[in-house]
Amino acid sequence: MAKFHGIIGYFETMETTPGVWEESITERECCGDLLRNTNKFQTSGHLNDDINVSNEISIVADPYARNNFHLMRYVCFDNSDVKWKIVSVEVLFPRLVLTVGGVYNE
């Protein structure tokens, strides 16, 4: 099992002034294990095929991750700037298993 160290982006909506809501991303570092590392090319209507990964990452859930797992939106790993969309989070205390899909579009 490969080790994982990367950044997870948490999406939050905050009220800045009464009636005005803004979206913000909070990034936090985490570590864990890379359970599955696969990719596939998906044919679409575009010129090039889309790349989808089906990675599963098991992270150690700190109190922030445990309380805000529903706000997780993307993960960056392998020292790259590519943000991969988190498609599901499975809670297996004291760990969270993240399933990663395609590239995250901001």
Side-chain angles (χ1 to χ4, degrees):
M1 194 174 333
K3 294 296 178 189
F4 165 79
H5 183 266
I7 295 173
I8 295 181
Y10 295 84
F11 177 84
E12 297 181 77
T13 305
M14 301 177 154
E15 188 172 17
T16 55
T17 57
V20 178
W21 294 82
E22 290 185 4
E23 301 168 349
S24 68
I25 295 286
T26 302
E27 292 186 340
R28 295 181 56 100
E29 288 188 32
C30 66
C31 60
D33 299 312
L34 185 60
L35 302 177
R36 186 173 64 182
N37 190 12
T38 60
N39 70 347
K40 63 182 176 180
F41 295 98
Q42 183 176 359
T43 305
S44 63
H46 307 311
L47 181 60
N48 297 322
D49 291 341
D50 294 332
I51 298 174
N52 282 334
V53 296
S54 296
N55 295 349
E56 283 188 355
I57 301 167
S58 173
I59 64 166
V60 179
D62 63 2
Y64 186 85
R66 189 174 52 247
N67 294 330
N68 296 292
F69 70 89
H70 60 284
L71 300 175
M72 292 179 176
R73 291 298 183 258
Y74 64 83
V75 62
C76 299
F77 57 97
D78 289 339
N79 294 325
S80 71
D81 292 332
V82 178
K83 297 175 181 175
W84 297 97
K85 181 172 37 174
I86 297 173
V87 294
S88 71
V89 179
E90 183 179 2
V91 179
L92 298 172
F93 187 76
R95 293 184 161 264
L96 299 175
V97 178
L98 313 177
T99 304
V100 181
V103 176
Y104 177 77
N105 295 317
E106 295 183 55

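Other cluster members for Phe11: Ile25, Tyr74, Tyr104, joined by side-chain heavy-atom distances under 4.5 Å among Ile, Leu, Val, Met, Phe, Trp and Tyr.
Under the 4.5 Å side-chain heavy-atom criterion for grouping Ile, Leu, Val, Met, Phe, Trp and Tyr, Leu34 is connected to Val82 within one hydrophobic cluster. Val91 and Val87 fall into different hydrophobic clusters, defined by Ile, Leu, Val, Met, Phe, Trp and Tyr side-chain heavy atoms under 4.5 Å apart, directly or through other members. A single hydrophobic cluster is not seen to contain both Tyr64 and Val60; linkage of ILVMFWY side chains at heavy-atom distances under 4.5 Å, directly or through other members, places them apart.
Ile59 has its side chain within reach of Met72: a pair of non-hydrogen atoms, C-beta onward, lies under 4.5 Å apart. Side-chain contact between Lys3 and Asp33 is present, with heavy atoms from C-beta onward closer than 4.5 Å.
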Residue pair Ile8, Glu27: steps toward the side chain to side chain contact (heavy atoms under 4.5 Å, CB included) verdict: CA-CA 6 Å; Ile8 295 181; Glu27 292 186 340; over 6 Å; no

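Classified by interplanar angle (parallel below 30°, tilted 30° to 60°, perpendicular above 60°), the ring pair Trp84/Phe77 is tilted.
To the nearest 0.5 Å, atoms NZ (Lys85) and CG (Asn105) are separated by 7.0 Å. Note that CZ of Arg28 and CD1 of Ile7 are 12.0 Å apart. Values are rounded to the nearest 0.5 Å. Atoms CG and CG, from Asp62 and Asn68 in turn, are 9.5 Å apart once rounded to the nearest 0.5 Å. Note that CD of Glu23 and CD of Glu12 are 11.5 Å apart. Values are rounded to the nearest 0.5 Å. In this structure, CG in Leu98 is found 11.0 Å from CZ in Phe69, a value given to the nearest 0.5 Å. Taking CD1 of Ile57 as the start and SG of Cys30 as the end, the distance is 7.5 Å to the nearest 0.5 Å.
Closest approach of Cys31 and His5 over heavy atoms only: CB-CD2, 4.1 Å. When all heavy atoms are compared, the tightest approach of Val97 to Leu35 is CG1-CD1, 4.2 Å.
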